[in-house]
Amino acid sequence: QVQLVESGGGLVQAGGSLRLSCVASGRIISTSVMGWFRQAPGKEREFVARIRWSGEGKYYADSVKGRFTISRDNSKNTVTLQMNSLKPEDTAVYYCANKSPRGSSDSAANYDYWGQGTQVTVSS
């Protein structure tokens, strides 16, 4: 079992920044993948970014490339998502997730463990 707890969401004006954190605990496989997803009202959950637990293999959705940065803090078992130049269309509940190395990392269906989510609201 893996437990994931997100924090850092909030309300910010367009152009601003937020930093999301995901603290992971439990039986985490060293080759596993950590992903960030988001879900806006009435929309499907969509992939944002992922990183391997080793800290390698960063990958981003086109919609956030160049604005968001995913990173891993080994000492704190934490994965962070630094979000800059935020836009109103970034408004969503953001989820942290964990999966095995098998399968596509941009599909929510392939992830085994999820956090409770944190709300990000970007005002125009």
Side-chain angles (χ1 to χ4, degrees):
Q1 290 290 331
V2 174
Q3 293 79 43
L4 304 171
V5 179
E6 304 100 332
S7 62
L11 173 64
V12 65
Q13 288 187 336
S17 298
L18 281 175
R19 185 179 180 89
L20 305 184
S21 294
C22 173
V23 178
S25 60
R27 187 173 295 181
I28 302 168
I29 302 172
S30 61
T31 55
S32 66
V33 174
M34 299 295 296
W36 282 98
F37 287 77
R38 65 188 182 187
Q39 188 166 19
K43 295 188 177 181
E44 293 187 355
R45 193 167 296 190
E46 67 169 350
F47 170 78
V48 174
R50 62 90 158 149
I51 187 171
R52 296 193 180 96
W53 189 247
S54 64
E56 300 174 340
K58 299 178 182 180
Y59 180 72
Y60 301 91
D62 288 343
S63 59
V64 306
K65 201 172 294 180
R67 300 188 298 123
F68 291 10
T69 302
I70 190 171
S71 61
R72 168 123 150 71
D73 184 336
N74 291 343
S75 64
K76 299 181 180 179
N77 274 9
T78 300
V79 175
T80 61
L81 185 69
Q82 178 66 42
M83 306 186 296
N84 298 329
S85 301
L86 283 162
K87 305 174 181 180
E89 51 263 44
D90 294 318
T91 295
V93 177
Y94 282 70
Y95 297 91
C96 174
N98 174 269
K99 64 178 285 295
S100 75
R102 298 184 303 274
S104 171
S105 60
D106 59 358
S107 172
N110 290 334
Y111 283 77
D112 302 305
Y113 303 100
W114 292 85
Q116 81 287 353
T118 185
Q119 177 70 48
V120 171
T121 303
V122 184
S123 63
S124 57

Expected output: side-chain [X] to main-chain [Y] donor-acceptor under 3.5 Å:
X	Y	value
Glu46	Arg38	no
Arg50	Ser105	no
Thr78	Lys76	yes
Gln116	Glu6	yes
Thr91	Thr121	no

What heavy-atom pair brings [X] and [Y] nearest, and what distance separates the two atoms?
X	Y	result
Tyr94	Val48	CE2-CG2, 4.3 Å
Ala24	Leu4	CB-CD2, 3.6 Å
Ser32	Ile29	OG-O, 2.7 Å
Ile70	Trp36	CD1-CD1, 3.6 Å

When clusters are formed by joining ILVMFWY residues with side-chain heavy atoms under 4.5 Å apart, either directly or through shared neighbours, do [X] and [Y] land in the same one?
X	Y	result
Met34	Val64	yes
Leu20	Val33	no
Trp53	Trp114	no

- The complete set of ring pair (Phe, Tyr, Trp, His ring centres under 6.0 Å) pairs with one or both residues in residues 58-77, sequence neighbours excluded, reads Phe47-Tyr59
Ignoring hydrogens and angles, write down the donor-acceptor pairs under 3.5 Å from the side chains of residues 79-87, residues two or more places apart or on other chains.
from  : atom 1 : to    : atom 2 : distance (Å)
Thr80 : OG1    : Ser71 : OG     : 2.6
Gln82 : OE1    : Arg19 : NH1    : 3.1
Gln82 : NE2    : Asn84 : OD1    : 2.9
Asn84 : OD1    : Ser17 : OG     : 2.9

At what distance, to the nearest 0.5 angstrom, does [atom1] of [X] lie from [atom2] of [Y]?
X	Y	atom1	atom2	result
Lys58	Ile51	NZ	CD1	5.0 Å
Gln1	Asp112	CD	CG	10.0 Å
Asp73	Ser21	CG	OG	9.0 Å
Asn98	Gln3	CG	CD	10.5 Å

- Does the cation-pi check pass for Arg45 over Tyr95, that is, NZ or CZ under 6.0 Å from the six-membered ring centre and within 45° of its axis? yes
- Note on the structure: With sequence neighbours left out, the residues meeting salt bridge (Lys or Arg N to Asp or Glu O under 4.0 Å) with Lys65 are Asp62
- Taking atom types as modelled, find out whether Ser104 and Asn110 have a side-chain donor-acceptor pair closer than 3.5 angstrom. no
